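Scroll down for the structure; my scribbles are underneath it.
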Amino acid sequence: QVQLVESGGGLVQAGASLRLSCAVSGRTFNMYALGWFRQAPGKEREFVAAIRWSVSDTYYADSVKGRFTISRDNAKNTVYLQMNSLKPEDTAVYYCAAGFGPQISFYTDYGWDDYWGQGTQVTVSS
């Protein structure tokens with residue numbers, strides 16, 4: 001079992017920054033990657049960013065590339081999503097998810113089936 005707890009969401013104005021955290025606990029020894037996803041009202045869940053758990057590879061959706069940075073602190077078992085230059089269209093509930101195995105997608109939520117956090121709301125006002 002893996003437990004994921006997100007934090008750091010909030011209400012900000014356009015152009016501001018936020019840093020989301022995802023605290024990971026449990027059986028992480030064979031975890032392949034940790035990803036961030038988001039879901040806006042009335043829209044499907046979409047991939048935002050991901051980081052491999054044992055190497056430094058990172059992946060980003062085109063919509064956030066250059067503005068968001070994913071990083072991890074293995075000593076703290078925490079993954080961060082630094083979000084800069086926020087836009088109103090970034091408004092969504094943000095979730096972290098644990099992926100096990102190379103079958104997971106770094107463009108959709110395919111393969112990210114088993115472990116998800118409860119989500120944290122990010123609201124960006126114009």
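It should be emphasised that the depicted structure is a prediction, and the values quoted were computed from it without experimental measurement. Atoms considered below: every heavy atom in the structure, side chains included; atoms not considered: hydrogens, waters and symmetry mates.
Remark: the S125 side chain and the Q13 side chain contain no N/O donor-acceptor pair separated by less than 3.5 Å. Judged purely by distance below 3.5 Å, without hydrogens or angles, the side chains of S17 and N84 pair a donor atom with an acceptor atom. There is no side-chain donor-acceptor pair under 3.5 Å between R19 and Y80. A donor atom on one side chain and an acceptor atom on the other are not found under 3.5 Å apart for T91 and E89.
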Working for side-chain contact (heavy atoms from CB on, under 4.5 Å), residues V93 and R38: CA-CA 5 Å; V93 178; R38 65 187 182 187; over 6 Å; no
Can you list the steps and then say if Y94 with Q39 is a side-chain contact (heavy atoms from CB on, under 4.5 Å)?
CA-CA 7 Å; Y94 284 70; Q39 187 166 22; over 6 Å; no
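In this structure, A98 and V2 approach most closely via the heavy-atom pair CB-CG1, 4.3 Å. Nearest heavy-atom pair, G9 versus L20, reported as atom, atom and distance to 0.1 Å: N-CD2, 3.6 Å. Nearest heavy-atom pair across A40 and A92 is N-CB, 3.8 Å. Nearest heavy atom pair, residue A33 against residue F106, reads CB-CE2, 4.0 Å. Among all heavy-atom pairs drawn from T58 and Y60, the shortest one is OG1-CE1, 3.6 Å. Summarising the geometry of L4 relative to Q118, their closest heavy-atom pair is O-OE1, 3.7 Å, with the distance given to 0.1 Å.
Distance alone, capped at 3.5 Å, is enough to place a donor-acceptor pair between the R67 side chain and the S85 backbone.
The CG atom of L34 sits 8.5 Å away from the CD1 atom of I51 when rounded to the nearest 0.5 Å. Here Q3 contributes atom CD and T28 contributes atom OG1; the two are 10.0 Å apart, rounded to the nearest 0.5 Å. We find the OG1-CG distance between T123 and D90 to be 11.0 Å, quoted to the nearest 0.5 Å. Here the straight-line distance linking atom CD1 of I70 with atom CD of Q82 works out to 12.0 Å at 0.5 Å rounding. One finds the SG atom of C96 at 4.0 Å from the CD atom of E6 (value rounded to the nearest 0.5 Å). Of the inter-residue distances, the one linking S54 atom OG with R72 atom CZ reads 7.0 Å to the nearest 0.5 angstrom.
Residue K76 qualifies as open at atom NZ: its count of foreign heavy atoms under 6.0 Å is 12 or below. Counting non-hydrogen atoms of neighbouring residues, nucleotides and ligands closer than 6.0 angstrom, the CD atom of Q103 exceeds 12 such neighbours.
Between F47 and Y107, the ring planes lie tilted relative to each other; the angle falls in the 30° to 60° range. The aromatic rings of W112 and F37 sit perpendicular, their planes meeting at an angle over 60°, well past the 30° parallel limit.
Residues Y59 and I104 are members of one and the same hydrophobic cluster, defined by side-chain heavy-atom contacts under 4.5 angstrom among Ile, Leu, Val, Met, Phe, Trp and Tyr. When hydrophobic clusters are built by joining Ile, Leu, Val, Met, Phe, Trp and Tyr residues whose side-chain heavy atoms come closer than 4.5 Å, directly or via intermediates, L86 is not grouped with Y95.
With respect to F100, the ring pair (Phe, Tyr, Trp, His ring centres under 6.0 Å) criterion is satisfied by exactly one of Y115, W53, Y32: Y115.
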